[in-house]
**Q** 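Please see the structure below; I have some questions.
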Amino acid sequence: MGFTQVTSTNDVVIENFSKVRAGSGLLVVADEQTLGRGRLDRRWSTPAGSGIAMSLGLSVSDFSTEISTVPLIVGLATRRALIKFHVPAELKWPNDIVISDSGTKKLGGILIQLVQDKLVIGIGLNVDLGIAELPVPQATSLLIQGFEIDRIELIVAILIELKLLIEDGSKWQQEYANACSTIGKEIKVTNFDGSQISGVAIGIDPTGALEIKNLENLYQITVGDIEYLEVSQD
Ligand code: BTN
C-alpha cells in the first residue's frame with residue numbers, strides 16, 4: 001500500500017493486520033509521516049518527499065531466528081541494500097543505520113513492534129533531507145553524504161535483501177558483527193531504569209544481545225541506549 005501522507009506507516013500496518021498471514025506480508029510506504037515514531041518513544045521525522053518511511057507486516061513464524069534478532073537482521077538487509085548503491089553504511093547496535101566519523105552520523109533506524117503473533121517492521125531512512133531539515137545535529141542524509149539514490153530502487157533492494165536473510169537464518173550473526181560500528185568501542189549503556197554500564201563492546205550473541213566486557217564482568221545487553229565514549233582511529 002502506498003500513501004502520500006500517514007501518521008505512521010507502522011500504524012497503517014497495524015490497522016490492516018488482517019491482511020498479514022504466515023508467508024504473506026503487507027508493505028506500507030508513505031511519502032510523509034506526520035507522527036512518525038522512533039525507538040524509546042522518540043519522534044521520527046519524515047518530511048514530504050525526502051525520506052523512506054516503510055513498514056512491513058510479517059508473521060512471527062516467517063522467521064526461523066528469535067524475535068530479538070529481527071531488528072539486527074532488518075538493519076543488515078538495509079545496510080546490504082545501501083552497499084549496493086556504494087554507500088559505506090554501518091550499523092550501530094541495536095537499530096541504527098549510521099555512516100561517517102566512525103559510525104556516528106545517523107542515516108536511519110528500525111522500529112519493531114510485536115503485536116500478538118505479528119511483527120511490524122518499520123524502517124526509516126533519511127534520503128534527500130537537506131541540512132536545515134535534519135531533526136538533530138547527529139543525523140545525516142544520503143544526499144548530505146553525497147549520494148543521490150532513487151527511493152523506490154532502494155526500497156526494492158531492502159526487500160530483496162531482507163527476503164534473502166530471512167530465508168537463510170544462519171547468515172546474519174557474523175555479518176552483523178562485521179558491519180557493526182559498536183563492536184570494539186568503549187561504550188556506555190543507559191538502561192530503562194537509568195542505570196548505566198560502561199565497557200568495551202566485544203560481540204553479538206545468537207539472540208542479538210550486545211556483549212560488553214569491563215573489569216568487573218561480561219554483560220549481555222538486550223535493550224538500552226548506547227553512547228560511544230571514544231572514536232576509534234580505523
Ligand atoms: C529509531 O531510530 O528510533 C527508529 C526509527 C524508525 C522510523 C520508521 S519510519 C517508518 C516507521 N514508521 C514509524 O512511525 N517509525 C518507523
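Atoms within a ligand are numbered from 1 in the order they appear, just like the ligands themselves.
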**Q** Based purely on interatomic distance, does T9 place a nitrogen or oxygen under 3.5 Å from a nitrogen or oxygen of ligand 1?
**A**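 Between T9 and ligand 1, an N or O pair is found under 3.5 Å apart.
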**Q** Strictly distance-based, threshold 3.5 Å: is any side-chain N or O of D62 a donor or acceptor partner for the main-chain N or O of G23?
**A**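 Here the side-chain-to-backbone pair exists.
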**Q** Going by the order shown, which atoms of ligand 1 are within less than 4.0 Å of some heavy atom of I123?
**A**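 Result: 8 (C), 9 (S), 10 (C).
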**Q** Could you tell me whether R42 approaches ligand 1 through its side chain, its backbone, both or neither, with non-hydrogen atoms closer than 4.0 Å?
**A**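 It is neither; nothing of R42 touches ligand 1.
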**Q** Just to confirm my output: which protein heavy-atom neighbour is closest to atom 3 (O) of ligand 1, and how far is it?
**A**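 The protein heavy atom lying closest is R39 N, 2.6 Å.
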**Q** Is R39 paired with D96 through a side-chain N to carboxylate O contact shorter than 4.0 Å?
**A**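 Salt bridge flag = no for R39 with D96.
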**Q** To check your reading of the model: name the closest protein heavy atom to atom 8 (C) of ligand 1, its residue, and the distance in Å.
**A**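 Its nearest protein heavy-atom neighbour is G124 N, 3.6 Å.
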**Q** Hey, quick one: are I149 and M54 part of the same hydrophobic cluster, counting side-chain heavy atoms closer than 4.5 Å, chains of contacts allowed?
**A**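 In one cluster with I149: M54, yes.
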**Q** Do the side chains of V6 and I123 join up, straight or via other hydrophobic residues, at under 4.5 Å, putting them in one cluster?
**A**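 Each belongs to a different hydrophobic cluster.
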**Q** May I ask you to list the atoms of ligand 1 that are less than 4.0 angstrom from any heavy atom of N95?
**A**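 Numbered from 1, ligand 1 contributes 1 (C), 2 (O), 3 (O), 4 (C).
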**Q** Under a 4.0 angstrom heavy-atom cut-off, which atoms of ligand 1 come close to G38?
**A**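 Answer for ligand 1: 1 (C), 3 (O), 4 (C), 5 (C).
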**Q** Can you check whether L111 reaches N95 side chain to side chain, under 4.5 Å on heavy atoms?
**A**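 In short, these two side chains do not touch, never coming nearer than 4.5 Å.
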**Q** By number and element, which atoms of ligand 1 are closer than 4.0 Å to a non-hydrogen atom of G36?
**A**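 In order of numbering, the contacting atoms are 14 (O).
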**Q** Considering only non-hydrogen protein atoms, determine which one is nearest to atom 16 (C) of ligand 1 and report residue, atom name and distance to 0.1 Å.
**A**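 Protein heavy atom with the smallest distance to atom 16 (C) of ligand 1: R37 O, 3.8 Å.
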**Q** Find all atoms of ligand 1 within a distance of less than 4.0 Å from any non-hydrogen atom belonging to I110, and give their numbers and elements.
**A**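 What qualifies from ligand 1 is 4 (C).
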**Q** Quick one, N10 with S55, criterion side-chain hydrogen bond (donor to acceptor under 3.5 Å, both in side chains). Give me CA distance, side-chain angles, the key distance, then yes/no.
**A** CA-CA 6 Å; N10 274 28; S55 297; 2.5 Å; yes
**Q** Specify the protein heavy atom at minimum distance from atom 12 (N) of ligand 1: its residue, its atom name, and the distance to 0.1 Å.
**A**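 Here the nearest protein heavy atom works out to Q33 OE1, 2.9 Å.
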**Q** Quick one: nearest non-hydrogen protein atom to atom 2 (O) of ligand 1, plus distance?
**A**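 Checked against all protein heavy atoms, atom 2 (O) of ligand 1 sits closest to K106 NZ, 2.5 Å.
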**Q** Surrounding CG of D193 (heavy atoms of other residues, nucleotides or ligands, distance under 6.0 Å), is the total greater than 12?
**A**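 Yes, because the 6.0 Å sphere around CG of D193 holds more than 12 heavy atoms from other groups.
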**Q** Can you tell me how far the CD1 atom of I52 sits from the CG atom of D31, to the nearest 0.5 Å?
**A**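 The CD1 atom of I52 sits 11.0 Å away from the CG atom of D31.
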**Q** Would you call I144 and N126 a side-chain contact if the rule is heavy atoms closer than 4.5 Å?
**A**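 Contact flag for I144/N126 side chains = no.
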**Q** Return a yes/no value for W44: is any of its N or O atoms, backbone included, closer than 3.5 angstrom to an N or O of ligand 1?
**A**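 There is no such contact.
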**Q** Any side-chain heavy-atom pair from Q113 and V13 closer than 4.5 angstrom?
**A**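 They are not in contact (no side-chain heavy atoms under 4.5 Å apart), so the answer is no.
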**Q** Below a 4.0 angstrom heavy-atom separation, can you tell me which part of D11, side chain or backbone, both or neither, approaches ligand 1?
**A**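 Looking at D11 and ligand 1, no heavy atom falls under 4.0 Å.
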**Q** Check ligand 1 against M54 and write out every atom of the ligand that is under 4.0 Å from a heavy-atom position of the residue.
**A**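 Contacts of ligand 1 toward M54, numbered from 1: 10 (C).
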